[in-house]
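Computation of the quantities below employed the complete heavy-atom set of this structure, encompassing side-chain atoms and omitting hydrogens, waters and symmetry-equivalent molecules.
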Amino acid sequence: MSIRLGDIAPDFEQDSSAGRIRFHEWLGDSWGILFSHPADFTPVCTTELGFTAKLKDQFAQRGVKAIALSVDPVESHLKWIEDINETQDTQVNFPILADADRKVSDLYDLIHPNASDTLTVRSLFIIDPAKKVRLIITYPASTGRNFHEILRVIDSLQLTDSHKVATPANWQDGDEVVIVPSLKDEAELQQRFPKGYRAVKPYLRLTPQPNR
């Protein structure tokens with residue numbers, strides 16, 4: 001099954017390190033990140049899960065829940081969590097799905113045969129409160145994820161959902177944003193962007209970031 005941006009994230013029920021998870025019910029009205037790992041007790045994944053745990057407060061500020069996935073069973077996850085907590089100086093505070101039957105992996109197309117016939121790839125999905133998939137990134141097994149980029153994308157999505165703007169290259173929270181080209185009415189522009197804007201080109205108009 002191929003998942004594309006704007007699709008409803010497939011629902012599922014699966015075991016996890018925190019008990020049985022019904023995904024859409026667990027997500028509720030929150031944003032979510034679902035990210036997969038090739039296997040337990042692997043070095044890059046250990047650092048990723050530890051760093052995710054350390055971001056708990058930043059995720060909470062944005063109304064985001066994190067949930068990980070590996071094809072190993074619950075018992076293995078629980079032992080691995082002990083290692084993560086010890087080596088990364090943190091406490092894992094989110095569920096790790098135990099997808100031993102590959103049910104979720106098949107729903108989310110996480111097994112790529114040209115990479116491995118059995119292990120899940122390093123994919124990440126951002127899912128909004130309407131359960132729509134808003135971002136998909138798949139990394140090679142050798143490369144750990146950039147979670148600062150994940151937070152940046154969440155900030156951009158939440159901002160642009162609320163205002164008729166887009167975020168330019170390398171945008172960071174607080175930088176100027178781009179007014180969407182479809183917005184033409186000058187009265188509406190003044191109402192929406194009281195700080196004004198600068199038109200580099202008619203299609204490229206920059207304005208101070210509105211409040212989120």
**Study point:** Lys/Arg-Asp/Glu bridge criterion (N-O < 4.0 Å) met for K79, D72
**Key:** no
Check your understanding: Quick one: side chain to side chain donor-acceptor pair (under 3.5 Å) partners of E149, sequence neighbours excluded?
Key -> R152
Point to revise | Set of salt bridge (charged side-chain N to carboxylate O under 4.0 Å, His left out) partners for E176, sequence neighbours left out | key: R198
Point to revise | Which residues share a side chain to side chain donor-acceptor pair (under 3.5 Å) with D101, sequence neighbours left out | key: Q14
Point to revise | Residues that S17 engages under side chain to side chain donor-acceptor pair (under 3.5 Å), provided they are two or more places apart | key: none
Point to revise | For H163, side chain to side chain donor-acceptor pair (under 3.5 Å) partners two or more places apart | key: none
Revision key, fill the gap. What one should report as the nearest heavy-atom pair of I137 and Y139 is CG2-CE1, 3.2 Å
Check your understanding: What do you reckon, are the aromatic ring centroids of F35 and F125 less than 6.0 Å apart?
Key -> no
Exercise for review: Mark yes or no for whether T46, through its side chain, and T42, through its backbone, hold a donor-acceptor pair below 3.5 Å.
Suggested key: yes
Revision key, fill the gap. With sequence neighbours left out, the residues meeting salt bridge (charged side-chain N to carboxylate O under 4.0 Å, His left out) with D83 are none
Review point. Just by distance, do the side chain of Y108 and the backbone of L124 share a donor-acceptor pair under 3.5 Å?
Key: no
Check your understanding: How many angstroms lie between CD1 in I179 and CG in L204, if you round to the nearest 0.5 Å?
Key -> 10.0 Å
Review point. Under 3.5 Å, side chain of S16 to main-chain N/O of A18, donor-acceptor pair present?
Key: yes
**Study point:** Value rounded to 0.5 Å, distance of CD1 in I33 from CZ in R145
**Key:** 8.5 Å
Practice item. Using the test ring-ring contact (aromatic ring centres under 6.0 Å, His included), find all partners of Y197 that sit at least two apart in sequence or belong to another chain. Key: none
Point to revise | Connected via hydrophobic side-chain network under 4.5 Å: V180 and V178 | key: no
Check your understanding: When rounded to the nearest 0.5 angstrom, what is the spacing between OG1 in T160 and CD in Q158?
Key -> 9.5 Å
Check your understanding: Who passes salt bridge (charged side-chain N to carboxylate O under 4.0 Å, His left out) against D7, sequence neighbours left out?
Key -> none
Practice item. Quick one: do F23 and L97 satisfy side-chain contact (heavy atoms from CB on, under 4.5 Å)? Show the steps, please. Key: CA-CA 10 Å; F23 183 54; L97 294 165; 5.9 Å; no
Review point. Going only through I, L, V, M, F, W and Y residues with side-chain contacts under 4.5 Å, is there a path from W171 to V153?
Key: no
Exercise for review: For the residue pair F41 and W80, categorise the inter-ring angle as parallel (less than 30°), tilted (30 to 60°) or perpendicular (more than 60°).
Suggested key: tilted
Review point. To the nearest 0.5 Å, what is the distance between CD1 (I84) and CD (E82)?
Key: 10.5 Å
Practice item. Enter the distance from R122:CZ to S142:OG here, rounded to the nearest 0.5 Å. Key: 8.0 Å
Exercise for review: Quick one: do K132 and I8 satisfy side-chain contact (heavy atoms from CB on, under 4.5 Å)? Show the steps, please.
Suggested key: CA-CA 4 Å; K132 288 185 178 181; I8 298 297; 3.8 Å; yes
Point to revise | side-chain hydrogen bond (donor to acceptor under 3.5 Å, both in side chains), paired with D155, selected from Q172, Q209, R62 | key: R62
Check your understanding: Can you name the closest pair of heavy atoms from A98 and H77 and give their distance?
Key -> CA-NE2, 3.4 Å
Point to revise | Sequence neighbours excluded - salt bridge (charged side-chain N to carboxylate O under 4.0 Å, His left out) pairs with any residue from residues 177-194 | key: K164-E188, E188-R192
Review point. Where do F193 and P210 come nearest, in terms of heavy atoms and distance?
Key: CE2-CG, 4.3 Å
Under 3.5 Å, which donor-acceptor pairs do the side chains of residues 51-61 form with other protein atoms, sequence neighbours left out?
unit_1: T52; atom_1: OG1; unit_2: E48; atom_2: O; d: 2.9
unit_1: K54; atom_1: NZ; unit_2: Q88; atom_2: O; d: 3.0

Review point. Just by distance, do the side chain of D11 and the backbone of H24 share a donor-acceptor pair under 3.5 Å?
Key: yes
Review point. V177 and P208: which non-hydrogen atoms are nearest, and at how many Å?
Key: CG2-O, 4.2 Å
**Study point:** Within 45° cone and under 6.0 Å: K65 NZ/CZ vs W26 ring
**Key:** yes
Check your understanding: In the single-linkage hydrophobic clustering (I, L, V, M, F, W, Y; side-chain heavy atoms under 4.5 Å), do L159 and I126 co-cluster?
Key -> no
Point to revise | Exam field: side chain S105 to backbone L110, donor-acceptor pair closer than 3.5 Å | key: no
Exercise for review: Please confirm whether the backbone N or O of P129 pairs with a side-chain atom of K131, one donor and one acceptor, at under 3.5 Å?
Suggested key: yes
Check your understanding: Which pairs pass salt bridge (charged side-chain N to carboxylate O under 4.0 Å, His left out) with one or both residues in residues 18-34, sequence neighbours excluded?
Key -> E13-R20, E13-R22, D15-R20
Point to revise | Residue list, salt bridge (charged side-chain N to carboxylate O under 4.0 Å, His left out) with R205, at least two apart or on another chain | key: none
Review point. Which pair of heavy atoms, one from G50 and one from T90, lies closest together, and at what distance?
Key: O-CG2, 3.7 Å
Exercise for review: Please report the closest heavy-atom contact between V71 and P38, naming both atoms and the distance.
Suggested key: CG2-O, 4.2 Å
Review point. With no hydrogens and no angle check, do the side chains of D109 and S2 hold a donor and an acceptor under 3.5 Å apart?
Key: no
Point to revise | OG-CD1 distance between S76 and I96, expressed to the nearest 0.5 angstrom | key: 9.0 Å
